[in-house]
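What follows is a single structure, written as structure tokens, with notes after it.
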2 protein chains.
Amino acid sequence: MAQSSDVNLLMTRSISPNDLLIRRLQSIHPVSNEEIRALRDLPLEIASLEPGHDIVRMGERPTQCCVVIEGFTCIYKLTSDGGRQIMAIHVPGDIPDIQSLHLGVMDFGLAPISSCTVGYIPHEKIQQVCDTYPRLGVALWRETLIDAAIYRDWMLNIGQREAFGRVAHLVCELMMRLKAVGLTEGSSFKFPVTQANLADAFGISSVHMSRVYGMLAKQGLLLVTRTHITVLDWDELQEAGDFDPTYLHLERNAPA
Amino acid sequence: MAQSSDVNLLMTRSISPNDLLIRRLQSIHPVSNEEIRALRDLPLEIASLEPGHDIVRMGERPTQCCVVIEGFTCIYKLTSDGGRQIMAIHVPGDIPDIQSLHLGVMDFGLAPISSCTVGYIPHEKIQQVCDTYPRLGVALWRETLIDAAIYRDWMLNIGQREAFGRVAHLVCELMMRLKAVGLTEGSSFKFPVTQANLADAFGISSVHMSRVYGMLAKQGLLLVTRTHITVLDWDELQEAGDFDPTYLHLERNAPA
DNA sequence: CGCTAATTTGATGTGATTCAAGTGACGTGG
DNA sequence: CCACGTCACTTGAATCACATCAAATTAGCG
């Protein structure tokens with residue numbers, strides 16, 4: 001309900017979806033007024049999606065990019081024996097498949113992990129904006145470099161920390177990334193993602209995911225429902241997740 | 001011995017080090033003759049390095065990039081309780097810290113994992129070449145996007161496969177990347193990296209690393225010495241590592 | 001109110017860790 | 001050129017974090 005009315009709002013005032021993208025770019029790179037105007041004029045074809053249907057499939061050669069407007073999407077890959085690793089979670093304002101601009105073949109799948117709204121922009125339109133405003137091209141390059149920095153941090157998380165720390169770490173990351181686009185509500189945020197999906201992001205089983213959430217709750221760090229996460233003790237959570245936000249390369253690094 | 005004479009060779013014929021970089025860029029992107037000439041003219045300050053001394057440290061703000069000329073380097077991060085995750089291994093021709101061109105602060109450490117030779121290029125020189133030949137700028141962007149694709153694949157490897165498969169997978173990857181710059185010798189390649197370092201790349205203990213190497217040898221897939229890796233059965237190795245080279249985005253994808 | 005999917009909980013198995021004690025390879029200096 | 005010291009690697013035993021299997025509970029939706 002709340003979601004679909006948001007979407008309607010966005011569609012009636014057609015500039016709003018682009019504003020999220022602008023907000024995101026501003027959080028990592030200076031953007032001039034003229035550039036903002038150019039971004040606002042980018043045509044967005046809006047779509048509503050549900051989990052279970054891929055946005056782009058591995059092996060495809062897309063001719064457009066996708067901007068997350070509402071909800072959460074993920075990048076994933078499968079092993080031949082059925083394992084699924086989620087290697088990125090996107091929040092509104094992100095461009096999950098910006099790499100397709102210069103890498104023809106998709107080497108991963110892109111899918112919603114909550115009901116969500118996305119906007120599509122043709123590659124050529126992005127190309128034009130970059131040609132006209134080279135600094136925007138640099139901003140997008142920088143965006144992809146930050147994506148890579150986040151990959152690196154996830155690898156540290158998965159390779160070196162126990163499940164408890166992994167979860168704490170990701171919650172810290174999401175808190176900061178959502179705050180950067182103004183989508184936190186005090187110390188909590190909307191996050192209607194199933195534990196099975198999260199388990200695939202941490203490389204653990206969904207059973208263990210449930211146990212870890214339980215431990216985090218029992219220690220008074222988090223409060224989790226099916227739709228929201230509330231951080232009860234930011235300092236302890238940051239400590240438990242060994243979290244240092246440097247890798248997010250945000251201009252302003254304020255916590256909750 | 002062999003190494004230092006190589007270095008002398010490279011230094012006397014000053015174009016050689018740059019040729020490796022060119023070979024690497026050509027393996028992922030078309031490069032014109034004029035662009036090759038520009039790359040050849042890039043000034044390279046050569047240095048010989050040993051493991052144990054970082055090339056760039058986390059938190060620094062470098063003003064130059066590093067090109068690997070001989071040997072192997074790695075990107076790593078540490079957890080507060082002493083764990084180290086290696087999240088990338090670089091082969092000659094790679095530019096490990098190309099991201100520093102647009103991301104001021106280093107969010108990782110860069111270090112040799114074998115004795116190696118690198119060349120340094122000032123950011124401004126790279127910037128100039130990119131301004132003059134925009135297609136080279138795109139090639140470098142593409143380069144960083146492929147780095148990211150490799151991160152994604154490592155995450156799948158670490159998160160979803162058992163140690164045995166992880167090792168098989170990486171050997172396949174190294175084989176193909178080295179072949180792309182002409183550094184394989186039939187079905188084997190020089191790889192003087194300690195098992196402790198590899199263990200940190202796989203997120204396992206060095207003890208287990210030794211056991212896994214033993215299993216791979218016993219099954220007749222690999223032959224490993226302290227300085228070289230020989231692939232005895234490419235098909236079986238690929239199978240064991242569930243290896244699909246799409247993510248390397250190489251122009252020509254021939255196996256050993 | 002009842003159905004379905006998500007989550008929780010318990011019991012048991014396993015891949016990998018840790019600790020500890022070897023063995024082997026290699027460079028150095030006598 | 002051999003004895004020695006160092007560092008890398010190997011091997012065994014005990015332990016642990018997490019997986020798997022199975023069943024019970026809960027939350028949301030029509």
Side-chain angles (χ1 to χ4, degrees), chain A residues 1-4 50-53 72 79 81-86 112-115 157-169 190-218 222-229 240, chain B residues 1-4 50-52 72 79 81-85 112-115 157-169 191-219 222-229 240:
Chain A
M1 286 300 116
Q3 178 209 345
S4 71
E50 294 300 321
H53 304 277
F72 299 89
T79 59
D81 58 331
R84 180 177 71 145
Q85 179 66 39
I86 289 180
I113 46 171
S114 74
S115 32
N157 209 28
I158 294 169
Q160 299 296 325
R161 285 194 266 266
E162 299 187 348
F164 187 83
R166 291 181 210 175
V167 177
H169 188 96
K190 193 179 174 195
F191 195 65
V193 174
T194 67
Q195 293 185 13
N197 277 321
L198 284 173
D200 285 346
F202 295 125
I204 63 178
S205 68
S206 64
V207 171
H208 200 54
M209 182 67 228
S210 166
R211 294 194 222 273
V212 170
Y213 256 165
M215 293 167 74
L216 282 159
K218 184 142 54 183
L222 287 186
L223 199 152
V224 177
T225 71
R226 286 185 190 197
T227 54
H228 290 262
I229 291 180
Chain B
M1 285 296 117
Q3 178 210 344
S4 70
E50 294 300 320
F72 299 89
T79 59
D81 57 332
R84 180 177 71 145
Q85 179 66 38
I113 48 171
S114 74
S115 33
N157 211 27
I158 295 169
Q160 299 296 325
R161 284 193 265 265
E162 300 187 349
F164 187 84
R166 290 182 212 177
V167 177
H169 188 98
F191 195 64
V193 174
T194 67
Q195 293 185 10
N197 277 321
L198 284 174
D200 285 345
F202 294 125
I204 64 178
S205 67
S206 64
V207 172
H208 200 54
M209 183 66 228
S210 165
R211 295 195 222 272
V212 171
Y213 256 164
M215 293 166 75
L216 282 159
K218 183 142 55 182
Q219 300 202 12
L222 285 186
L223 199 153
V224 177
T225 70
R226 286 185 189 199
T227 54
H228 290 263
I229 291 180

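Here is the naming used below: chain letters follow the sequence lines, and residue numbers restart at 1 for every chain.
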Between protein and nucleic acid, restricted to nucleotides 13-21 of chain D and to nitrogen or oxygen atoms under 3.5 Å apart, what atom pairs and distances do you find?
from: D:dA13; atom 1: N6; to: B:Arg211; atom 2: NH2; distance (Å): 3.1
from: D:dC18; atom 1: OP1; to: A:Ala163; atom 2: N; distance (Å): 2.9
from: D:dC18; atom 1: OP2; to: A:His208; atom 2: NE2; distance (Å): 3.3
from: D:dC18; atom 1: O5'; to: A:His208; atom 2: NE2; distance (Å): 3.4
from: D:dA19; atom 1: OP1; to: A:Ser205; atom 2: N; distance (Å): 3.0
from: D:dA19; atom 1: OP2; to: A:Ser205; atom 2: N; distance (Å): 3.1
from: D:dA19; atom 1: OP2; to: A:Ser205; atom 2: OG; distance (Å): 2.9
from: D:dT20; atom 1: O4; to: A:Arg211; atom 2: NH2; distance (Å): 3.4

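- In this structure, A:Gln195 does not reach the C:dA5 phosphate: none of its side-chain N or O atoms is under 4.0 Å from OP1 or OP2.
- Listed by chain and number, the residues in a side-chain hydrogen bond (donor to acceptor under 3.5 Å, both in side chains) with B:Gln195 amount to none (sequence neighbours excluded).
- Taking CD1 of A:Ile229 as the start and CG of A:Leu216 as the end, the distance is 10.0 Å to the nearest 0.5 Å.
- The separation between A:Ile113 atom CD1 and C:dA6 atom C1' is 15 Å, rounded to whole Å.
- B:Thr194 contributes atom OG1, which lies 8.5 Å from atom CG of B:Asp200 (distance to the nearest 0.5 angstrom).
- With values rounded to the nearest 0.5 angstrom, B:Ile204 atom CD1 is found 10.5 Å from B:Arg211 atom CZ.
- The separation between B:Phe202 atom CZ and C:dG15 atom P is 18 Å, rounded to whole Å.
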Protein N or O to nucleotides 24-30 of chain D N or O, pairs below 3.5 Å:
from: D:dA27; atom 1: O4'; to: A:Arg226; atom 2: NH2; distance (Å): 3.4

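- As a whole-Å value, the separation of B:Asp200 CG from C:dT17 P is 11 Å.
- Put simply, CZ on A:Phe191 is 11 Å from P on C:dT7, counting in whole angstrom units.
- No donor-acceptor pair closer than 3.5 Å links the side chain of A:Glu50 to the backbone N or O of A:Ser114.
- Put simply, CD1 on A:Ile229 is 15 Å from C1' on C:dT7, counting in whole angstrom units.
- The distance from atom CE of B:Met209 to atom CG of B:Asn197, rounded to the nearest 0.5 Å, is 11.0 Å.
- Remark: A:Tyr213 OH to A:His208 NE2 distance equals 13.5 Å, nearest 0.5 Å.
- OP1 and OP2 of C:dT7 both lie 4.0 Å or more from every side-chain N or O belonging to A:Ser210.
- In this structure a side-chain-to-backbone donor-acceptor pair under 3.5 Å is present from A:Arg166 to A:Arg161.
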